[in-house]
Each structure stands twice: as C-alpha cells, then as structure tokens.
Amino acid sequence: MARRPARESALERFLRYARIDTQSKEGCDQVPSTEKQLVLANLLRSELAAMGASDARVDAHGYVLASVPATLPPGHPARGRVPRIGLVSHMDTSPSAPGANVRPVVRTYRGGDIRLGNGVVIRARENPELARNKGKTIVTTDGTTLLGADDKAGIAVIMTVAGELLRDRSIPHGEVRIAFTPDEEVGNGTKYLDLDAFGAEVAYTLDGDTAGELNRETFSADSATITVHGRSIHPGTAKDRMVNALRALGDLIVRLPLDMAPETTEGREPFIHPHRAEGEEGQATLQLLLRDFETAGLVRQRRILERIVREVRGLHPKARIELEVKESYRNMRDGIAREPRATLALEEATRRAGLKPRWVPIRGGTDGSRLTAMGLPTPNVFGGGQNFHGPTEWLSVEGLEKSLETVRHLLAVWVELSMPSRVEVPPGPRARARAVAR
Ligand SMILES: [Zn+2]
C-alpha cells in the first residue's frame, strides 16, 4: 500500500478513490456486476481495519461492512439510548459514461465556462452552483470520463469521519455502522445487503449533490414492458399476411403523453418515459419508466398505458399486444416519517454546519428508497458533486467539506436527542391561571 499522510483530508481520499475504476454493468443478475468493484471494496476494508475497525469485512456480494463502537462513558445520560446510526455510500459508478482512467483535475474556479479536454464544456449558465464556488477549489474531469463524485464523495466523507472517531475516543457518539454498496447505479445496491449484519436502526445515504440539500422523498416507480407480437413474412409475398410489429410500436410511442415526459417536466411533476425500444417485424418491445411522487399516480399512469394499448389494438387487430407493469421502488417519505428524529437530526446538523437545510424531492431513487421500504428509515445527505453520470461531473470541495461537517454534527445531535426527556411537571394552579389570562 502506498504511504499516505496519517490525517488524509476528505479531498485527498476522494481523489484516490475516484481514480479506481468501479463501473457497474447493466443487465447482470450477479452482485457485484463487475469484478473491479472489489478492488475498491478490498481497499476500503483494509483501510478501515488499519484505522481500528476490528470487524471490517467484505461479504460474498462485495458489500463492505464495518462499525465504530460507541464512546459514551458510563454515567452519560444518553449511554445505551442512542440508536445505531448507519452511514451508506455506493462504490460503483454509472455505466452511462466511461469510468476507467479517471484523471481528476483540481482547480480554482475563476468564473465563466470551464473548457475541459475532449470538447467538453461545463457551462456557467447551466450550473448555478458554479457561481457559489467562484474563487474556490473544485474538481473536474479531463473531459474523457465521469468523475465519480457520485458516490466516492460520500465514501470519502464516511471514511474521514470513521478515521476521526476511531482515532479520538473522546468524541461522544453512539455506535456507527458503515456500509459501502456495489451496483447502486444498476438498481441492485441493496439487493443482498444483510440488514441484520448491517445492524443500523436509522441510516443515511451520502449520495446527494448540492450543499445544504437533503432528501426524504423519492419518486414512486414502476417499470412497464409492452410487447407486440406480429407476423413476419418475406416482404415479396407479404400482402395481407404480414403483421408488422414495428408499425404498432410506432403507433404506441406517438400516443404517449408529451406533457408527461422527463424532457417536459420537473419538480414534483410525474412522467412516463419510453427509454428502450427493440424488435423487428415479428416481435417488438418497448420499455417504459413510470414515475410519480404519489404512489396512487402510478395507477393512473398504468390506465393511460392500458388505454393506449387498447387504441392501438384497434388499429392493428392482427397483432397481439401485451402490457406488463412491475414495481420498482416506492417513495420513502412515509417510511422515514415513522422515525421523525431521522430528519430532525439531519436538519439540525446541516444548520450547525452553517447551511440552510432544504428538503428537495429526488426525481429518482437512492439506496435509501429500498432500505426505507425494508424498514430502515434512510434519508439522503448532499456530498457536494454536480452533473452526475457524465464527463461534466464536478465536485465542490467546499460542498464536500460541508458534508463532512454535517455528518460530524449529525452524530452529536443524535446523542442530544437521545438524552432522557426532562420530566414534564404538570402546570400548577398559578400557571393555569396565567394561561387562561392570556
Ligand atoms: Zn449515486
């Protein structure tokens, strides 16, 4: 192992992890979907062990698990009362952009557009966060790969905090559980996460972007597949016999509501998104994403698809058209609301880090969506990165440091919230009289 400074900063850690190729692969049932994710998994395990996390391990599916023991001394009022707090980040990077040979560029942002190599430009107009980083240090790519701040910024924050806590046992905190997951980007981040082994009672994913932005809401999501069965005949003799599945597929696509598409919606607006079509005359399929913050809205979306399918069946009576809808994930809002302290503590910690907390709904899912559905309330915390999944991805170092500060405060706030509640003394007759007078 290369010699590293004893107290490596979160940025130094990030730069080291970002250079390791951990791209995951779509359409693979195995977890991890790519062997190379294990390179980072094993490195993190050995670094955690070197810090003193005696139980650091990589399990059979490449999940890294470790814990930091509680430090509250005997007699501390919150001792034994602080829930085990889980910190979660994912190790893989998105398959939608190259992830090998990442060469992070550390620079001071002077204003204006940033010209990376390869003709890639980060435009000031499209990146309002850049203005807030003028004169400050940011990290970009060289234009040929993604950066991987999604989610190695989160890993760097968790590793830095773990190092600090294991080095200095005088910082009061409850037990901290760490999980680094593979394959989040391909929808399998929590597929084999052993919740009992993880052992957290409340968890936080560090997988967000802008400093100060927190998430307790994601889309509710289903996926749909429409299959058209046609009849393939040599085109020379096809008259009155061929049933071209592609024509029916085209008729389906043009009927999808344009005002309910990802490219025409934002904020809390729902969408139906056809994202993959394939086929030939004999058979063609269309895959769609259904997304709405209200789970009931997915039923409405399904009805829209059913109506379109009925209409197109009428146009192509000889084709057989099937619609299948599958559940993907559900808005984590209700599951998180069951542990109100989870969001309360995070909000307060963000404030103590000098930021104004903003709850923003995520137009997507996180590992937290499924963890929350599995019974572990898991809000999401910002990490400082922007423009995930492409070569214009960049990281605000200030955002990264604020994320680190927020997590430090978070553990402290949880100790405070876990103190035995003060004994409520019922108001005496005089207090009651005063209340009436008011
Ligand atoms: Zn992510």
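Indexing begins at 1, ligand by ligand and atom by atom, following the structure's order.
- The side chain to side chain contact (heavy atoms under 4.5 Å, CB included) test with I272 is passed by exactly one of D222, D292, L305: L305.
- At most 12 heavy atoms of other shown residues, nucleotides or ligands fall within 6.0 angstrom of atom CD in Q30.
- The number of protein N/O/S atoms found under 2.8 Å from the Zn ion (ligand 1) is 4.
- Remark: the E347 side chain and the W359 side chain contain an N/O donor-acceptor pair separated by less than 3.5 Å.
- Checked for salt-bridge contact, R333 and E217 meet the test: a charged N lies under 4.0 Å from a carboxylate O.
- Heavy-atom neighbours of K134 NZ from other residues, nucleotides or ligands within 6.0 Å: at or below the threshold of 12.
- Taking the six-membered ring wherever Trp is involved, the centroid distance between the rings of F180 and Y63 does not fall below 6.0 Å.
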